[in-house]
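Letters A, B, ... mirror the listed sequences (proteins, then strands); counts begin at 1. Computed from a predicted model, the values in this text were never measured in an experiment.
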Amino acid sequence: MTPLIVDVVFDLPVDRAFSYLVPEGLGVARGQRVRAPLHGRLRVGVIVELRRDEATGLQPIREAVEPVPVFSEAMLRTARRAAADSLSSLGSTLAAFSPPPPRRGGAEPAAPPPEVTPGAQATPELWPELWPELWMDAARDERLTDTLGRESGSALLVAPDIGSARRWAERLDAGRLDSGAHDDARRAAWFGAARGRPRLVVGTRSALLAPLPPPATLVLLDEHDAAHKPPGPPRLHSRELLAARAAAEGSRLLLLSATPSVESWGRADGDALRRREPAPGPWPEVVAADTRGILRNHPLTLPLPRAIEDAARGGRRVALIVARDAAALGCDDCGDIFRCGDCGVALALSRAARALTCRLCGRGEPLPDRCPACGGHRLSAVGWGVERVEASLRKRFPRLSVARAGPARARRPASDPAAPVVIGTSALLREVPRGSLGAVGFVALDGLLRQPDFRAGERAFQSLWAAAEAVHPAGRVVVQTLHPDHYAVRAAILQARQEFYGPEIKFRAELGYPPFRRLCIVSVVAGEDAAARALIEACAASLRGIGGIDVYPAARRGAPAARRPRWSLVIKGPAELPRLIDEPLRPLRERRRRRGGMVEVEMDPVALA
DNA sequence: AGCACGCCGACT
DNA sequence: GTCGGCGTGCTC
């Protein structure tokens, strides 16, 4: 009989399987992990195909990593589609969604992944953050039926980061699949979940294809969080992969966020997603303080010190939010931001080059000396950074202790966590318990609105909403801004999400941004600027002429004199964009020369940097 | 991605 | 004469 051959994919950037001979007596299946010699070393790969063929000088597989597959047929299909949609290799995609390999020789129970027969899928749902609390209680009581509307089944929760995964696992007494847990515990949760024990598992991106017996519920926590799509392969948003998975296996999909991505809100306006509106809960007073013409010398308008005093009197803490950097240019008198006339995106300010450039289309302009809207001369980029705000605050409130919130990881525990006033970026608001603050002040919301990214408004709105949720209903949110009438501010004042999403979706539709069109960034790094430029122009040339897509001019990113020059260009296109650009770019992407430059393709970038 | 093989400059 | 730099190409 002709020997049994398997095709195995590895964590390599090459989109090709490698063939091996299966030794007599070794039972193997698709989706199973094996150790096989590659490059003279044993490496872990996933079997994607079995066939009978002549083995002409093929190496044999060394061993199976587990006695059962880690991926079901449905998960393999989902991964294959995901890899194609993100222009990544199947091997690196599967590797990113695999449990850690076992310690050698350690025997452990392992259940195979349940196969599902996709039935009719329920419409995915978009839930406000308020509701998981209800759901969580039901889950703990083994009464999932009440809120989930079906007999208790298994559920997978995908969190944006390890810290969030840990907290949710503790609250739900769920198994942990994320890399913050020990490998043994992760493996126990992975293979246990396949048999429904534990019934609830929590993980991060790496858990997106974890096995669950049907009927399963898939939950994406903090759906809007950019951490659901980190840069680099597999270049895919957890939301999209989870949606594909839910469709493939007929699972119920819940997207959870108090401030959903505009993409999801837009889909919920159609019938691809069902939105559930919460009854409005208690809401603090949100005040817009107009800073036009008055924020030059002091960072605090009248309402802000008053809010700080009230909060201190009430014994509650205050958070002051500053922008880390404002990379764009605005007018201090009328509040106008210099924007690209074609793209609507704030123009990025480069001090070194003394120029404004559009990150999307690459259009460049010299620095203006006056505001085209009002003629004012007071144009500024740097708003109020942490240091300047801290100094002003200490001067104004000498008796109050003021702390700076650093990056969560680097923060020293001793840096006065109980300080009544904390200054930080909007990331600070994620760590604050709901309703626990006396006041939040945005020193200059414009620093957020000026970010040279079409999602600047969305991020500002999400920060404002998070601030209102972090503040006690008797407290106050003070928003100092040159744009007190901005619809993101208005939505926060009125506690009305639609006030933001309505105009924002209109803006996205008019200028062709997600969810109406897909974006892609093609970038090139090379040893020499000329080589990088030549390669990006070659990419542009092979992309031009594809029907239905827009290729923007290539532009140099980053510092002008970077050691490794980087050029990139932005593409806009329809939903099938990855399929359209795959073939034309393939020869350029496969040519992997270091000095001559390497091509990287980032589908659906979550930041335009 | 790793890792080997290959072709040009300074060392025992 | 070789040791070793990186640049290019292959991995069942």
Side-chain angles (χ1 to χ4, degrees), chain A residues 1-65 69 71 76 79-80 82-84 86-101 179 205-206 230-236 522-535 538-539 562-566 582 585-603:
Chain A
M1 195 167 177
T2 44
L4 184 59
I5 313 280
V6 286
D7 294 331
V8 178
V9 292
F10 294 90
D11 186 7
L12 303 176
V14 290
D15 205 7
R16 198 168 93 248
F18 295 82
S19 302
Y20 295 88
L21 186 65
V22 180
E24 209 57 46
L26 182 66
V28 289
R30 277 207 289 259
Q32 195 171 4
R33 292 198 292 185
V34 291
R35 260 182 269 270
L38 185 70
H39 232 73
R41 296 177 101 82
L42 284 187
R43 297 190 57 164
V44 173
V46 178
I47 297 177
V48 292
E49 210 56 70
L50 278 78
R51 57 198 165 86
R52 295 254 168 213
D53 206 345
E54 287 307 322
T56 44
L58 290 186
Q59 293 256 29
I61 282 204
R62 190 58 56 84
E63 60 177 358
V65 176
F71 298 112
L76 284 178
R80 187 168 267 129
S86 66
L87 302 175
S88 309
S89 73
L90 178 58
S92 58
T93 302
L94 288 173
F97 300 129
S98 295
S179 60
R205 274 170 81 68
S206 60
R235 308 171 181 283
L236 203 80
V522 178
S523 63
V524 161
V525 279
E528 292 157 24
D529 194 62
R533 185 158 193 182
L535 190 50
C539 292
R563 320 173 308 284
R564 284 182 71 73
R566 177 174 213 105
D582 183 27
L585 284 182
R586 184 156 293 215
L588 293 155
R589 290 197 300 135
E590 282 174 354
R591 185 175 64 177
R592 309 181 59 78
R593 297 177 306 182
R594 279 179 210 157
R595 217 169 100 258
M598 303 215 309
V599 178
E600 244 181 41
V601 180
E602 180 82 23
M603 276 305 307

Could you tell me how far apart [X] ([atom1]) and [N] ([atom2]) are, to the nearest whole angstrom?
X	N	atom1	atom2	result
A:Glu54	C:dC12	CD	C1'	16 Å
A:Leu4	C:dC12	CG	P	19 Å
A:Met598	C:dT8	CE	C1'	13 Å
A:Leu58	C:dT11	CG	C1'	13 Å
A:Leu42	B:dG2	CG	P	16 Å
A:Arg43	C:dC10	CZ	C1'	13 Å
A:His39	B:dC3	NE2	C1'	4 Å

From [atom1] ([X]) to [atom2] ([Y]), nearest 0.5 Å:
X	Y	atom1	atom2	answer
A:Ser86	A:Met603	OG	CE	8.5 Å
A:Cys539	A:Leu588	SG	CG	4.5 Å
A:Ile5	A:Tyr20	CD1	OH	12.0 Å

Legend entry - A:Asp53, A:Thr56, A:Leu58 screened by side chain to side chain contact (heavy atoms under 4.5 Å, CB included) with A:Ser19, the one that passes: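 Going through the options one by one, the only one that passes is A:Leu58.
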Legend entry - Exercise: do A:Asp11 and A:Ser92 side chains pair donor with acceptor under 3.5 Å: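 Checked: A:Asp11/A:Ser92 side chains show no N/O donor-acceptor pair below 3.5 Å.
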Inset, instruction - Answer yes or no: does a side-chain N or O of A:Arg41 lie under 4.0 Å from OP1 or OP2 of B:dG2? - result: no
Inset, instruction - Specify the residues of residues 8-18 of chain A, ordered by number, for which at least one heavy atom lies under 4.0 angstrom from an atom of DNA chain B. - result: A:Leu12, A:Pro13
Legend entry - salt_bridge(A:Arg16, A:Glu590) N-O dist < 4.0 Å: no
